[in-house]
Protein chains: 2
Amino acid sequence: MAMDQPLPVDDVTRVRREPHRQVTDRAALHAILDEALMAHVAVVRDGLPLVLPFAVARDGDTLLLHGSSGAGGLRLGAGGPVCVSVTHVDGLVFARTTFESSMRYRSAVVHGIAEVVPDDDKEHALEVLSDHLFAGRTAEVRRPSRKELAATLVLRLPLDSASVKVAAGPLEVDPEDVEPREVWAGIVPMALTAGEPVAGPDVPDDVAVPGSVVRTRQRFSG
Amino acid sequence: MAMDQPLPVDDVTRVRREPHRQVTDRAALHAILDEALMAHVAVVRDGLPLVLPFAVARDGDTLLLHGSSGAGGLRLGAGGPVCVSVTHVDGLVFARTTFESSMRYRSAVVHGIAEVVPDDDKEHALEVLSDHLFAGRTAEVRRPSRKELAATLVLRLPLDSASVKVAAGPLEVDPEDVEPREVWAGIVPMALTAGEPVAGPDVPDDVAVPGSVVRTRQRFSG
């Protein structure tokens, strides 16, 4: 799907609540997904909804979902309909009333049929996932073994049907608002941030923190 | 449900992948929910899975989901089966192989039938939500009007059927591991953190940041 084509708005993807916040720009969808470490993946199991978190990475026009070949929720999504939600909380909006209090956030919801990444593409998919989640880690460690590849399940989902909803910007003040001005109102920004790395117990003292960790800290610097 | 009764482990709630990480202590469930601002709520719509983010708060043995009386995903959950997932990413685990790389996280998944909070209980539910999300904000602002209450939809879900899964602790080093020790391995802690509050454009200079904002910054101090 070409980047200059807007995301489709239809019965599946239309934002019902606060429709003015819907964004149809594919670049906005990609930016939200590229900031995510995990996504919440919903399937229908025995007629009931089930939603579980999975590690994710975008690979071009598809979203990769990482799991295990063993038991687990991801297997349920293979070959069937899934819905994937990624949400970033960007701020808490302290309005002058409970009713107007809200959040700043960016939300992406993707709908589609997930398929198992075939064996020939699995190592590439794992590289994309690892370099996304761990900021270029594959250059620092060995390649996965055949056994490790066999024990890993990756699903991919096309990014054809997706809703993006964004609540951004400064506090909106209603000029008709009669609430007293002596009540503070404003926004507390929120962000997922990285702390100080903690080396494993067997790492020699002279081994420096690698580039992947430095980049992760830059990426999540708050 | 008494706090000293463990969470049930059955076909719905059993953790399939890494079952040793399943926790059945209700206090662990409550702690995960009490740290959450948003949850991902899944329903079945026209036979397909749909998952959307909603603001949440725990009220005793129930989970409150906040929405609007108008159009929107929350109405779909009213009276029907829902699945609610809350996940906190606590760290990125940089192992010496791609395969062993993982995350530290705490996950809660709640299953059940969501019901609409009746009018008589709605103001209480909104107070619980507001005081949870905005750290005691209701003491600083006026009560909601009838019109505001009518425009708000709150669902509640009993916390009877839930899975908790926790990946915590320091890096595990396999003594059989033959990967070279000169490859750094360790954990980068992650946390949702609050930044500097930004006052709205019409807040007089002499209005101090209120207790709710101070507490929010303490709560999310990384």
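Quick note on labels: first sequence line is chain A, next is B, and so on, each numbered from 1. Because the structure is predicted, anything quoted here is derived from the model rather than measured.
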For B:V82, which atoms come within 4.5 Å of any heavy atom of chain A: side chain, backbone, both, or neither?
backbone
Contacting moiety of A:E196, where chain B heavy atoms sit under 4.5 Å
backbone
Heavy-atom distance under 4.5 Å to chain B: side chain of A:L129, backbone, both or neither?
neither
On a heavy-atom basis, which atom in A:W184 and which in B:V213 lie closest, and how many Å separate them?
CZ3-CG2, 3.5 Å
What part of B:P170 lies closer than 4.5 angstrom to a heavy atom of chain A: side chain, backbone, both or neither?
neither
Taking every non-hydrogen pair under 4.5 Å, which of B:A208, B:G186, B:P53, B:P189 racks up the most with chain A?
B:P189
Applying a strict 4.5 Å limit to non-hydrogen atoms, the region of B:L149 in contact with chain A is neither
Most chain A-contacting option - heavy-atom pairs closer than 4.5 Å, from B:P49, B:P144, B:P19
B:P49
Heavy-atom cut-off 4.5 Å, strictly under: side chain, backbone, both or neither for B:S102 against chain A?
backbone
Pair count under 4.5 Å, heavy atoms only, with chain A: among B:V51, B:D46, B:L92, B:V141, highest is B:V51
Just how far is it from atom OG1 of B:T98 to atom CG of A:D131, taken to the nearest 0.5 Å?
8.0 Å
Applying a strict 4.5 Å limit to non-hydrogen atoms, the region of B:D90 in contact with chain A is neither
Please answer whether the main-chain N or O of B:R142 pairs with a side-chain N or O of A:R96 as donor and acceptor at a distance below 3.5 Å.
no
B:H111 side chain reached by A:L48 side chain, heavy atoms, under 4.5 Å
no
Sort A:S130 into side chain, backbone, both or neither according to what part of it lies under 4.5 angstrom from a heavy atom of chain B.
side chain
Find the one option among A:T138, A:V198, A:D206, A:L133 whose heavy-atom pairs under 4.5 Å with chain B are most numerous.
A:V198
Relative to the ring of A:H40, is the ring of B:H40 parallel (under 30°), tilted (30 to 60°) or perpendicular (over 60°)?
parallel
When the 4.5 angstrom heavy-atom criterion is applied to A:E140 and chain B, the contacting part is backbone
In terms of heavy-atom pairs under 4.5 Å, which option from B:L171, B:V15, B:D202, B:V188 contacts chain A the most?
B:D202
Show the nearest heavy-atom pair for residues B:A95 and A:R137, with the distance to one decimal.
O-NH2, 2.7 Å
Rounded at 0.5 Å granularity, tell me how far NE2 in A:H66 sits from OG in B:S101.
9.0 Å
Counting only heavy atoms not in B:D10, do more than 12 sit closer than 6.0 Å to its CG atom?
yes
When only pairs under 4.5 Å are counted, which of A:G195, A:P204, A:G47 shares the most heavy-atom pairs with chain B?
A:G195
Does CZ in B:R215 sit with more than 12 non-hydrogen atoms of other residues, nucleotides or ligands closer than 6.0 Å?
yes
Please test B:T216 against A:F94 for side-chain contact (heavy atoms from CB on, under 4.5 Å), starting from the C-alpha separation and ending with a verdict.
CA-CA 11 Å; B:T216 295; A:F94 289 72; 3.4 Å; yes
Which atoms of B:V84 come close to chain A, meaning under 4.5 Å heavy atom to heavy atom: side chain ones, backbone ones, both, or neither?
backbone
So which of A:A194, A:A191, A:A199 has the biggest tally of heavy-atom pairs under 4.5 Å with chain B?
A:A191
B:V12/A:R45 under side-chain contact (heavy atoms from CB on, under 4.5 Å): CA gap, chis, key distance, verdict
CA-CA 9 Å; B:V12 170; A:R45 177 177 71 175; 4.2 Å; yes
For chain B, find which of A:P197, A:P201, A:A42, A:S85 contributes the most heavy-atom pairs closer than 4.5 angstrom.
A:S85
Residues A:V207 and B:V183: closest non-hydrogen pair is CG1-C, 4.4 Å
Hey, what do you get for CE (A:M38) to OH (B:Y105), rounding to the nearest 0.5 Å?
6.5 Å
For the candidates B:T152, B:V209, B:L126, which exhibits the highest count of non-hydrogen atom pairs separated by less than 4.5 Å from chain A?
B:V209
Taken to the nearest 0.5 Å, the spacing of B:F134 CZ from A:M103 CE works out to 5.5 Å
Partner chain A: residue of B:T87, B:L192, B:V44, B:T193 with the largest heavy-atom pair count (under 4.5 Å)
B:T193
